[in-house]
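Just so we're on the same page: letters track the sequence lines, and every chain starts at 1. If you're wondering where the values come from, they're calculated on a predicted model, not measured in any experiment.
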Amino acid sequence: MDQLTLAQARSWIDATASVIAENAPHLSELDQAIGDGDHGANMTRGFTAVVKKLTDGAKTDDLGGLFKLVGMTLLSSVGGASGPLYGGFFLDLGKQCAGKQTLDAQALTAVLESGLNDIKRRGKAEIGDKTMVDALTPAIEAMKAASHDVTSATRAAAETARDAATKTAPLLARKGRASYLGERSIGHEDPGANSMALLLGALAGVCHE
Amino acid sequence: MDQLTLAQARSWIDATASVIAENAPHLSELDQAIGDGDHGANMTRGFTAVVKKLTDGAKTDDLGGLFKLVGMTLLSSVGGASGPLYGGFFLDLGKQCAGKQTLDAQALTAVLESGLNDIKRRGKAEIGDKTMVDALTPAIEAMKAASHDVTSATRAAAETARDAATKTAPLLARKGRASYLGERSIGHEDPGANSMALLLGALAGVCHE
Amino acid sequence: MKKLINSPEDVVREELEGIQLAHGDRLRVSFDPFYIVRKDAPVKGKVGLLSGGGSGHEPMHGGFVGAGMLDAACPGHVFTSPTPDQMFEAGKAINGGAGVLQIVKNYTGDVMNFDLAAEMLHEEGIDVATVLTDDDVAVKDSLYTAGRRGVGLTVLMEKLLGAAAQKGMPLSEMKALGDQIRASGRSMGMALTPCTVPHLGKPSFELGENEMEVGIGIHGEPGRHRVPVASADEITEMLMEPILSDLPFHRGEQIILFVNGMGGTPLIELYIVYRKAAQIAEKHGLKISRNLIGSYITSLEMAGASITALRADDALLALWDAPVNTPALRWGV
Amino acid sequence: MKKLINSPEDVVREELEGIQLAHGDRLRVSFDPFYIVRKDAPVKGKVGLLSGGGSGHEPMHGGFVGAGMLDAACPGHVFTSPTPDQMFEAGKAINGGAGVLQIVKNYTGDVMNFDLAAEMLHEEGIDVATVLTDDDVAVKDSLYTAGRRGVGLTVLMEKLLGAAAQKGMPLSEMKALGDQIRASGRSMGMALTPCTVPHLGKPSFELGENEMEVGIGIHGEPGRHRVPVASADEITEMLMEPILSDLPFHRGEQIILFVNGMGGTPLIELYIVYRKAAQIAEKHGLKISRNLIGSYITSLEMAGASITALRADDALLALWDAPVNTPALRWGV
Ligand SMILES: Nc1ncnc2c1ncn2[C@@H]1O[C@H](COP(=O)(O)OP(=O)(O)O)[C@@H](O)[C@H]1O
Ligand SMILES: Nc1ncnc2c1ncn2[C@@H]1O[C@H](COP(=O)(O)OP(=O)(O)O)[C@@H](O)[C@H]1O
Ligand SMILES: [Mg+2]
Ligand SMILES: [Mg+2]
Ligand SMILES: [Mg+2]
Ligand SMILES: [Mg+2]
């Protein structure tokens, strides 16, 4: 597959909504261990609102419009730390994709990297701080290293993110709510890294079909 | 034994304090089932205060003075329903015994009956209402029927009260806190009937020695 | 038992020490015997308003001592009525020459202890009158029991009579007003969890994870019905219907509606209960002229709520609105 | 999970409906998006004071909306920061031409959402400033974390800045005053029991019958130390010593001392904690000039307490004493 199309991007959002809803109890459980236990509910509320807007016929003529709508909706429905982070991430994707109907693997990688930078700028987290950044950063590196088609690039991203989310367990949290626990944050996976892995997993899913 | 002496009456109070303290958890447990669980603590607080006053050397020259002191002290330290009832009971005993150094079996029975009437007047309980009245009433009847010495009269009272306290279990409470439970008060012994049985048991104990 | 206490015997004394340290600018605490009194007592020419009861219901009664409400409160041990010597000393301390009115919740112990205190005050030459509260509709067949229990209405009674006393109403009128309030208010409560009396160390009753107790009093005593846990709306109906049909309240009447937490229930839940209670009141054609929402008459850390409705006319509402300045209830000043 | 709720999704909306029904005479509730605002907003020429945060901390923040305190509050879902559109709409509703001051508890989510709202308000041509609270001394190594959490000081901050705004203080001075208050207050909390977020249905953490959690925040998150349950006096020392040594407070200083319940702790216990806290403050040569005792910033039904000490000069005390008229805090009016 050479290009991510608008229709696929739309499927990506739907697939993300499903997989987030399915995994909400797990995400909340992870957040309950080192946070306040709402990450599953937050993300579900957000993506449910997004899907509702899209189903209700919100007009999105290009990738920019689609991602902007996703970003705005997440911003006004998620709350918490993940709301501005995921909301800002998609708003940034929207800016990068303004007027675009498709993205090839390289462009997709660049767009996601720009989104990552928005997350880092807003949240001031670095790699190793035990956040969603720890899933997204290596995933983008893996996309760069993968062969130049969307299918393998996104599959590499998904697998790497999945693996990286698991590897957040031994880290000491330095950002977000988990940082208050100090040493006690060690031994638990980061919820946001997990939701990010689900997001990238959904992307790989639609690019595989 | 022909007479209850001042020294024995004093021993009665001490013995009551001990047996109440020992049985406080049981009394409270009974009260927790159909009341508010404080009967053991209430009675212990009261008799501890009485013993303290006596040990500290409060002057009691006759039975009247002793019982008045007990009554006043219970009144100002027990609280709840049992405070005025037991306090008033001993105050009444004090009035009956003003100036007396000893009581024979008949006089003792009359004095206790007067105390019972004070309890009934104050609490407006009749026999069968599932209160301390249910232990004291038959005990006094038993004293009347017993042979005319203090040892056997008080032993009859103690045994009858003990038995009567147990028999409060099937009764439906009509007075005090337990009455709020309605049918659910059935099947539990009344705490005040039990403390009254302990009191009469202690009396029999000192009159036996 | 997990509590922020040092030892069960010291709970009431240490609480009183805390109150003295916190509110010593306007309250005085007597430690022998225990009572809390307005620092400016006795107020000359004003009826002294006295209440009291077992501890464990905080802020009632000590938190309601102050201008426009109680002149003194006598705390007993936890869930145990105080003793006559407390009321006697407190009564003397607040008698400003116009007599003393006792507000007594209808429990055998409270009634008998306050009765004795009234006799003692009377012998001291002080005019004494007593008003009972017995507003708990959960107590059925009250002719064959110790009578209805005094619960939530007590808080409203103390506020309203406090305002009347502050305005200089004489004792006999205060007594009549108290009896009118007594006849115009009804309450009912429920518990999701029991509470633990410190010196007992175990819960007052056992409740399964899916059970609740309806018709509880305020002493951790079990209620009359144990039923499966229900939704807030259903629970509110279980409480409101008996309250409204008992008095009964009539269409077009004004009421003061009081939603009370039992101690361990968060405010967010009380507003959810208030929402439904207000809807039910409206459905019955009642106008909620004033309301009170919060944990004012509690059972230690019990989770649960009670509702009180009081029929009110404009005179009563004016008393409600009058300034009150106590640690737990304050407005207008 | 035993709660007086109907369904987890409806908790916040139904609570807001209750607030609207109960306090509709002086507050207005917006349901899309959620916010609570003074009915007389915007007050012309006055800085609009805005706060908000996750629900589950009631009465904070909604209970503090009214004359002399907040102009508006934005409730998020339980323990979840609200969203920028809420603050944006509320900010517009309270802007009386003198700008808007946001009081934000230092949590990653709250900070980022309020930052976005500030940008949006700014673009709308409204002057916006933000004051953070980050008073929780339990957060160590705060350089390597999201920073200290905002806890009990937030309540005092809202009262004090509310009074300043009411007196007509301009936005820039309000911001400076807020920063001064931020630098002068410290808090710490503990829990005897966890709490249960409605949509999760199980406790936020597990505690053995003999364990307590010291250094908790207000979101049901575990603290930094799990230790055996101790006496009220020992617990109070565990909280007071870090608070006093952190700022540090100096002999001879005046403080406002705030003993707060976490939601499931009865008032009687808070007074026992206050007693010891006051004794410790005195031992350190501090003068408690004002105090506040009650459950004002809570974690649902969690049993536990927190203590806040704020260094205060006479100017601050005057702001403290200024009239306030909100559902949860009221005096002088
Ligand atoms: N400063 C930050 N930078 C990047 N990601 C963060 C930051 N703070 C938190 N996160 C992410 O957000 C997740 C928590 O989101 P969520 O539970 O929805 O919000 P909250 O922590 O406000 O309850 C964390 O697991 C982490 O991955
Ligand atoms: N009206 C009454 N007449 C006689 N005895 C009573 C009456 N009311 C209560 N009692 C007795 O008092 C006992 C309870 O005493 P206690 O628990 O100390 O007081 P309270 O009920 O106020 O907590 C009951 O078990 C009963 O025997
Ligand atoms: Mg979270
Ligand atoms: Mg009892
Ligand atoms: Mg009792
Ligand atoms: Mg959250």
Under 4.5 Å from any heavy atom of chain C - which part of [X]:
X	result
D:P323	neither
D:V259	neither
D:V333	backbone
D:L21	both
D:A22	both
D:I235	side chain
D:M190	side chain

*Does the gap between the ring centers of D:Y274 and C:H23 come in under 6.0 Å?*
no
_Contacting region of C:N291 [heavy-atom separation from chain D under 4.5 Å]_ = side chain
Within this structure, what is the [atom1]-[atom2] distance for the pair [X] and [Y], rounded to the nearest 0.5 Å?
X	Y	atom1	atom2	result
C:I5	D:D233	CD1	CG	11.0 Å
C:E17	D:I272	CD	CD1	9.5 Å
C:I293	D:I19	CD1	CD1	8.5 Å
D:K2	C:E269	NZ	CD	12.5 Å

*asked:* Is it the case that the side chain of C:E15 and the backbone of D:I268 share a donor-acceptor pair, with hydrogens and angles ignored and the cut-off at 3.5 Å?
replied: no
*Which residues in residues 280-290 of chain D have a heavy atom less than 4.5 Å from any heavy atom of chain C?*
none
*For residues 293-308 of chain D, pull every pair meeting salt bridge (Lys or Arg N to Asp or Glu O under 4.0 Å), keeping only residues two or more places apart or in separate chains.*
D:K3-D:E301
*Counting heavy atoms not belonging to C:E206, are there more than 12 under 6.0 Å from its CD?*
no
*asked:* Does any part of the side chain of C:T265, heavy atoms only, come nearer than 4.5 Å to the side chain of D:L4, both counted from C-beta?
replied: yes
_Quick check on the interface: out of C:M212, C:E209, C:E234, who has the most heavy-atom pairs with chain D under 4.5 Å?_
C:E209
*Could you tell me which non-hydrogen atom of D:P59 sits nearest to which non-hydrogen atom of C:L267, and how far apart they are?*
CB-CD2, 3.7 Å
